[in-house]
Amino acid sequence: MHISTYIILMCFGSVQLDQLKEILEKAELEIYIEETIPTVNPRYKLHYHITPPVGWMNGPNGFVFYKGEYHLFYQFYPYDTQWGPMHWGHVSSPNLVDWHTLPTALRPGNEQCFSGSAIDNDGIMVLLYTAHQATDDAPFYNESQYMAFSIDGIDFHKYKGNPVVILPPTGTQDFRDPKIWKNGNFWYVVLGSKTADHRGSVLLYRSKNLLSWEFKSILAESSGALGYMWECPDFFELNGKYVLLISPQGMVGRGDRFKNTYQTGYLIGSFSYDTCQFKPEINFQELDYGHDFYTTQTTENNGRRYLVAWFGMWESLHPEDVDGWVGAMTLIRELDLVGSRILMKPVEAITKLRLETIIEGEFHHNATIEFEKAGEIIVNIDLSENIELEFVGNNGGDKTSLRWSVEDGKVIVDRAGDVRQGTWEPLDTVTWRIFLDASSFEVFCGEGELVFSSRMYPNGDWRVINRGPQSLHVVAYTLKRFQPE
Ligand SMILES: *[C@@H]1O[C@H](CO)[C@@H](O)[C@H](O)[C@H]1NC(C)=O
Ligand SMILES: *[C@@H]1O[C@H](CO)[C@@H](O)[C@H](O)[C@H]1NC(C)=O
């Protein structure tokens, strides 16, 4: 409902005092955001990735297709560029490329609004999220699951009977990030948790009415090697297999793997709704090899499975924190499953953002391509020779090199000496598709079998220099901002 509707309702005397207080607080927050936007320094503000209007953003929440539009929510603290009491920010899009900001969907009450998901229940949008509450005794918080709903996808109301009835695990206060879906006559939800002896786990529950949930199974559990806590689980069918996405905390790095503070990745296996048992067939695989990728949301529409992740990582530095905003989402990716590997491709409609073709042809040794703040380069690769592309600002700043090493068979992203790399065996096309935004870099190798997402901070506009020995065949486009600005 819009404020005007409330005012009409008020005139008929049907609005209670606490509802009036809520309306005023919502309005006050939106006015604060509108008034603060002009103070944001735009130098690093991304042009075609979702960012908070002001303040802090972390993980994505509630990705859903509802009444003809995609909706996405995110962990949001409007009042500072540091993490603070969690709200849910909100954007929507007709096409997964052009996004517009909507009013803040959830504000903390006696709880902080931690991560969760959204579903369309016969025209009512239902959010299920984790209420994180301070308590007097160690570990000084508890977590339960709250519900909120909306009849227009804009204005949200918390369910008066919160928390919903869902039995928490014993021996831990960590029980969060519900991801909900429907199968047949039942609703299902997976939650991230840990065992009493600190091994990450995912719990599966089932419900007929969304309000009362029955525990069904431990869908998966860390043996110890997969960390002490699993956050933001997601579970879905893809090409006849079942995929469990998890974001483990506490994994130990091994060679090129698991180099960030925390990880996000997947298990693939078989599952039966009769027994609710999931049998993984592969070891945990990271989804993205870049520096800044943690926690995901997926949604399905028209038989396609879309994924978005927080384009960030705990403990990363954010040079934009003096600019009035922090944090972003990755490009929306479409998932595919080939063998036991998930492929990630940028959503098809991203080509709508192409503005001008600035080069199509040979990109010679030591030649330079200049973009403004945003561009896309498609590089055709000859795997028999080393490749080295340098990315830097026209006034300096972070210098990154993207390399192909023939000797190691690896793609290497070297951000000022901080290296992420992975073995690349192209499935089909031998190309790199690189997306540059004002402070970000994403490279999709081949069909999306290897992807790196990293925040990068060039001073000024982007310059790309071919430092390798071979002349490369490239196509490069400048990209425009998504609409509306
Ligand atoms: C969590 O703590 C809050 C504050 O002490 C309390 O009101 C609430 O009932 C607790 N919830 C659970 C599920 O223990
Ligand atoms: C390419 O540029 C580098 C750095 O400026 C320089 O050292 C090198 O000699 C150049 N290569 C050629 C073939 O001119």
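What you are looking at is a predicted structure, and each value in this text was computed from that prediction instead of being measured. Remember, it's 1-based here, ligands and their atoms both numbered in the order they're listed. All residue numbers in this chain count up from 1 along the given sequence.
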- Message: For Glu30, is the CD atom crowded, meaning more than 12 foreign heavy atoms sit under 6.0 Å from it?
- Response: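 For Glu30, atom CD is crowded (more than 12 foreign heavy atoms under 6.0 Å).
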- Message: Heavy-atom count check: over 12 atoms from other residues, nucleotides or ligands less than 6.0 Å from Lys279 NZ?
- Response: no
- Message: If the condition is side-chain hydrogen bond (donor to acceptor under 3.5 Å, both in side chains), which residues does Asp321 pass it with, not counting sequence neighbours?
- Response: none
- Message: Just to verify, what does Ser117 make a side-chain hydrogen bond (donor to acceptor under 3.5 Å, both in side chains) with, not counting sequence neighbours?
- Response: none
- Message: Would the distance check show the side chain of His365 and the main-chain N or O of Gly468 forming a donor-acceptor pair, the cut-off being under 3.5 Å?
- Response: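 Present.
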- Query: Are any of the N or O atoms of Glu143 closer than 3.5 Å to those of ligand 1?
  - Reply: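 No - when backbone and side-chain N and O of Glu143 are compared with those of ligand 1, no distance drops under 3.5 Å.
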- Supply the atom-to-atom distance Met147 CE to Phe156 CZ, rounded to the nearest 0.5 angstrom.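 CZ of Phe156 is found 13.0 Å from CE of Met147.
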- Hey, which atoms in ligand 1 end up nearer than 4.0 Å to a heavy atom of Ala134?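 Heavy-atom distances to Ala134 below 4.0 Å select 4 (C), 5 (O).
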- Task: For Asn142, take its heavy atoms, then give the atoms of ligand 1 lying under 4.0 Å from any of them.
- Result: 1 (C), 2 (O), 3 (C), 8 (C), 10 (C), 11 (N), 12 (C), 14 (O)
- Message: So is Pro168 touching ligand 1 or not, going by heavy atoms under 4.0 Å?
- Response: no
Is there any protein N/O under 3.5 Å from an N/O of ligand 2, and what does the full list of such pairs look like?
unit_1   : atom_1 : unit_2 : atom_2 : d
ligand 2 : 2 (O)  : Asn366 : OD1    : 3.1
ligand 2 : 2 (O)  : Asn366 : ND2    : 2.2
ligand 2 : 11 (N) : His365 : NE2    : 2.9
ligand 2 : 11 (N) : Asn366 : ND2    : 2.9

- Task: Show your working on side chain to side chain donor-acceptor pair (under 3.5 Å) between Trp56 and Asn58 and close with a plain yes or no.
- Result: CA-CA 7 Å; Trp56 166 274; Asn58 60 279; 2.7 Å; yes
- Lys399: side-chain contact (heavy atoms from CB on, under 4.5 Å) partners, not counting sequence neighbours: Glu390, Val392
